[in-house]
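In what follows, every chain begins at residue 1, and chains take the letters A, B, ... in the order their sequences are listed. Values below: every heavy atom of this structure, side chains too, minus hydrogens, waters and symmetry copies.
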Number of protein chains: 2
Amino acid sequence: MEDMPHPVRATVASLARRAGVAASTVSRALRDDPRISPEVRARIAALAAEAGYTPNALARTLVSGRSGLIGLVLGPMDNPFYAEMMQQIVSQAAARGWRLLLLHAGDGPMEEATAAALLQYRVDGCLITSAGLSSRAASVCAENRVPLVMVNRVAREHGSAVSCDNLAAGETLAELLMQAGHRRLAVITGNPGTSTGLERTEGFVRRVLAAGLPAPLLLPGGASHAAGYAAGQSMAALPAGERPDAVMGVSDILAMGAMDALRGAGLSVPGDVSVVGIDGIAAAGRVPYRLTTVAQPLEAMIARGLDMLLARIGGAQVPDEVVLLRGSLIRRASARLVAPGQG
Amino acid sequence: MEDMPHPVRATVASLARRAGVAASTVSRALRDDPRISPEVRARIAALAAEAGYTPNALARTLVSGRSGLIGLVLGPMDNPFYAEMMQQIVSQAAARGWRLLLLHAGDGPMEEATAAALLQYRVDGCLITSAGLSSRAASVCAENRVPLVMVNRVAREHGSAVSCDNLAAGETLAELLMQAGHRRLAVITGNPGTSTGLERTEGFVRRVLAAGLPAPLLLPGGASHAAGYAAGQSMAALPAGERPDAVMGVSDILAMGAMDALRGAGLSVPGDVSVVGIDGIAAAGRVPYRLTTVAQPLEAMIARGLDMLLARIGGAQVPDEVVLLRGSLIRRASARLVAPGQG
DNA sequence: TTGAAAGCGTTACCAC
DNA sequence: GTGGTAACGCTTTCAA
């Protein structure tokens, strides 16, 4: 190891000096501009490698107007779904050569300074995955014409969105449960004001009513296992005659919490109560849950979202759009799937 | 809504023009330089607000040499521990006014371009939470003198680290299990080459041997629930006389997988087998796991890690250091805690 | 094919 | 107190 006091970073100018050419020549050579002669290009490339040259992306931004950064706003991490989503985002963004400025993660409100950073660092666009309806980042983007795509939530006022067809997912599960002969249905709802949860609930309820059954029991839930657990406990506490025989959690994690509570209270799932969820998180597929669910097409959603962002960053005056992708039903052991006596 | 074709961003120069002062004055006024007279400062502040001025952090970086960015490298997200850690990092970094450049998340190797981005965006420092021993980011940082702190792993060659005292955690759990009368012990190990897992295993084994018991059975594990589940199945398949009566997973998620497998095979936890883990993730505390574990002091670890990073970014020639924080034992229902016949 | 110079937005230094 | 000017590192005209 050398022991230079200040390992000064090589710059285009320093390389130019050492190569005896102009800075513009170095800049062009390094970006493989076809106008530069092969010899010069090779010489500069060698020099750059030797000096350990790394272009300064920030300086480049200043002149190009593009930062290559996209702001990322993540939802509450206590739902594993968001962790899975994040992993998708990170790998797909990297594959496209974008860097992620991680602005927020969690349920709380975004800090003032963080919202400001979104603008100060001149992100090219913003990806918002928080399910909450009131997203600070969204309005900041809209006010400042920063291209914005929301994933897993609908755009209320501005911006585009890509999301699972939540209404259809709710309907699918209601249909599934009714066909299996369930008659007393329930829904564990999401956080109030959360679009995904509302839509899933609505799809479910609509389908049940359309079939002529009484409206499902709505159990207040939230976004966490604990909330689902509480809802499950309140179900278990009902007299057997009033207790629903099937329940949908508006997210897998809620459904999992409910299963744990029901079983903890001595009830059998799916023997006494069928439980289904929506999201398709990995944990829900495993023992002891084996949850029947509608899986969101996560990879495709992110790919689509980044496509949309790219189009808007490109400068084209593309109108806002909302894309709905259909989820896929996964039948597993948490729900009885045939009417009693048919098996 | 106005309909300006190009909502040109206000700059220091444009504000200076409109205020009839020099750019340097605007710059000073905006940063509350005491030399600027109150009237001028007020006038400029008003103008800036009206124009919706946002300083360009990238341009500022160019002259100051500080980007305010810290690179973040996250481990495999299928372990909820990393999600919890991320949330801590995001909120604590924001509180200190740092922005996070999310470079990597997951188990796979870091892409070439991503490693380059670390340098190109001139991150002030790097926080690495991946448990894998071979971290590409670490060597990039070291070679380029980018301050580096690793969390939840020890620094091998360069850089500083803050970590839980994994050895002590393993010892604590071995002691706990032996005191409860367990005699046939086992460990579900982590990914090979992962320092945290190795240390936890070593602490456990050391303590068991010191007590004169036979060496614990080492079951190959990994980093996921599935790996723990497989290990649990192999335990359950052993003849009753050879089956361990207590097992430690080197992480909570492994222990949870093992519990699910053991119970799935008809065994009782903790009736037939006691199970303990390490990490203290939220999911492990809940029904049906109620896992006895050693919780990592996550909040303190991150705070300490950021402190260390700050000190090194400050420019002070601080020598590399490794900080070990002690975890805290949480006794729950997954392990029998008294010798049979003592209750 | 290459060079010179201007400019991106900000801050720091030196005058006044 | 405030104004000029240079500088950060890069790209991009416009000339040659």
Side-chain angles (χ1 to χ4, degrees), chain A residues 6-45 47-48 51-69 116-117 119-124 144, chain B residues 6-45 47-48 51-69 116-117 119-124 144:
Chain A
H6 280 294
V8 186
R9 283 211 161 288
T11 68
V12 166
S14 76
L15 291 176
R17 233 173 298 131
R18 293 188 49 191
V21 299
S24 45
T25 302
V26 172
S27 171
R28 288 191 272 251
L30 256 22
R31 280 171 309 140
D32 289 325
D33 188 307
R35 296 178 301 186
I36 299 297
S37 70
E39 310 89 57
V40 174
R41 185 209 311 289
R43 195 152 53 87
I44 293 180
L47 234 48
Y53 170 75
T54 313
N56 186 327
L58 276 17
R60 185 177 285 171
T61 293
L62 208 53
V63 43
S64 74
R66 284 278 156 68
S67 66
L69 252 25
L119 300 172
Q120 297 182 234
Y121 282 85
R122 299 291 192 263
V123 298
D124 291 336
N144 292 274
Chain B
H6 281 296
V8 186
R9 283 212 161 288
T11 67
V12 167
S14 75
L15 290 177
R17 235 171 298 130
R18 293 189 48 191
V21 299
S24 45
T25 302
V26 172
S27 173
R28 287 191 274 248
L30 257 21
R31 280 171 308 140
D32 288 326
D33 189 307
R35 295 178 300 186
I36 299 296
S37 71
E39 310 88 60
V40 175
R41 184 207 313 288
R43 193 153 52 89
I44 293 180
L47 235 48
Y53 170 76
T54 314
N56 186 327
L58 276 18
R60 184 177 284 170
T61 293
L62 207 53
V63 42
S64 75
R66 283 278 156 66
S67 66
L69 252 26
L119 299 173
Q120 296 181 230
Y121 282 84
R122 300 292 191 263
V123 298
D124 290 337
N144 293 273

Review point. For D:dC10, does either OP1 or OP2 sit under 4.0 Å from a side-chain N or O belonging to A:Tyr53?
Key: yes
Check your understanding: Does B:Arg66 make a side-chain N or O approach to OP1 or OP2 of D:dC8 shorter than 4.0 Å?
Key -> no
Minimum heavy-atom separation for [X] and [Y], please, with both atom names.
{"X": "B:Ser14", "Y": "B:Ala10", "answer": "OG-CA, 3.5 Å"}
{"X": "B:Leu15", "Y": "B:Ala51", "answer": "CD2-CB, 4.2 Å"}
{"X": "A:Ala29", "Y": "A:Ile36", "answer": "N-CG1, 3.9 Å"}
{"X": "B:Arg31", "Y": "B:Ser27", "answer": "NH2-OG, 3.0 Å"}
{"X": "A:Ser67", "Y": "B:Leu58", "answer": "CB-CD2, 4.2 Å"}

Do the side chains of [Y] and [X] get nearer than 4.5 Å, heavy atoms only?
{"X": "B:Leu62", "Y": "A:Asn56", "result": "yes"}
{"X": "B:Val12", "Y": "B:Tyr53", "result": "yes"}
{"X": "A:Arg122", "Y": "A:Leu69", "result": "no"}

Atom [atom1] of [X] and atom [atom2] of [N]: how far apart are they, to the nearest Å?
{"X": "A:Glu39", "N": "C:dT2", "atom1": "CD", "atom2": "C1'", "result": "13 Å"}
{"X": "B:Ile36", "N": "C:dT11", "atom1": "CD1", "atom2": "P", "result": "13 Å"}
{"X": "A:Leu15", "N": "D:dT11", "atom1": "CG", "atom2": "C1'", "result": "15 Å"}
{"X": "B:Arg17", "N": "C:dG9", "atom1": "CZ", "atom2": "P", "result": "10 Å"}
{"X": "A:Leu30", "N": "D:dC10", "atom1": "CG", "atom2": "P", "result": "9 Å"}
{"X": "B:Arg43", "N": "D:dT2", "atom1": "CZ", "atom2": "P", "result": "9 Å"}
{"X": "B:Gln120", "N": "D:dC8", "atom1": "CD", "atom2": "P", "result": "20 Å"}

Check your understanding: Between B:Arg122 and B:Val21, which is nearer to the 5' end of DNA chain D once each is assigned its nearest nucleotide?
Key -> B:Val21
**Study point:** With A:Thr11 via side-chain hydrogen bond (donor to acceptor under 3.5 Å, both in side chains) - residues at least two apart
**Key:** none
Check your understanding: Residues in side-chain hydrogen bond (donor to acceptor under 3.5 Å, both in side chains) with B:Arg18, at least two apart?
Key -> B:Glu50
**Study point:** Partner set under salt bridge (Lys or Arg N to Asp or Glu O under 4.0 Å) for A:Arg60, not counting sequence neighbours
**Key:** none
Practice item. Compute the angle between the rotation axes at the two ends of the helix from C:dT1-D:dA16 to C:dC16-D:dG1, each taken over five pairs, rounded to 10 degrees. Key: 40°
Check your understanding: Which comes earlier along DNA chain C counting from the 5' end, the contact point of A:Pro38 or that of B:Val12, where each point is its nearest nucleotide?
Key -> A:Pro38
Review point. Side chain of A:Thr25: nearest nucleotide among D:dG1, C:dG3, C:dT11?
Key: C:dG3
Exercise for review: State which of C:dG3, D:dT2, C:dA12 makes the closest approach to the side chain of B:Val40.
Suggested key: D:dT2
Review point. Tell me, which of residues 56-65 of chain A have any heavy atom that sits under 4.0 Å from an atom in DNA chain C?
Key: A:Leu62, A:Val63
Review point. Under 4.0 angstrom, heavy atoms only, what part of the nucleic acid is B:Ser37 near: base, sugar-phosphate, or nothing?
Key: sugar-phosphate
Pairs under 3.5 Å (N/O, protein and nucleotides 13-16 of chain D):
none

Review point. Checking A:Arg9 side chain against A:Thr54 main chain: does a donor-acceptor pair fall under 3.5 Å?
Key: no
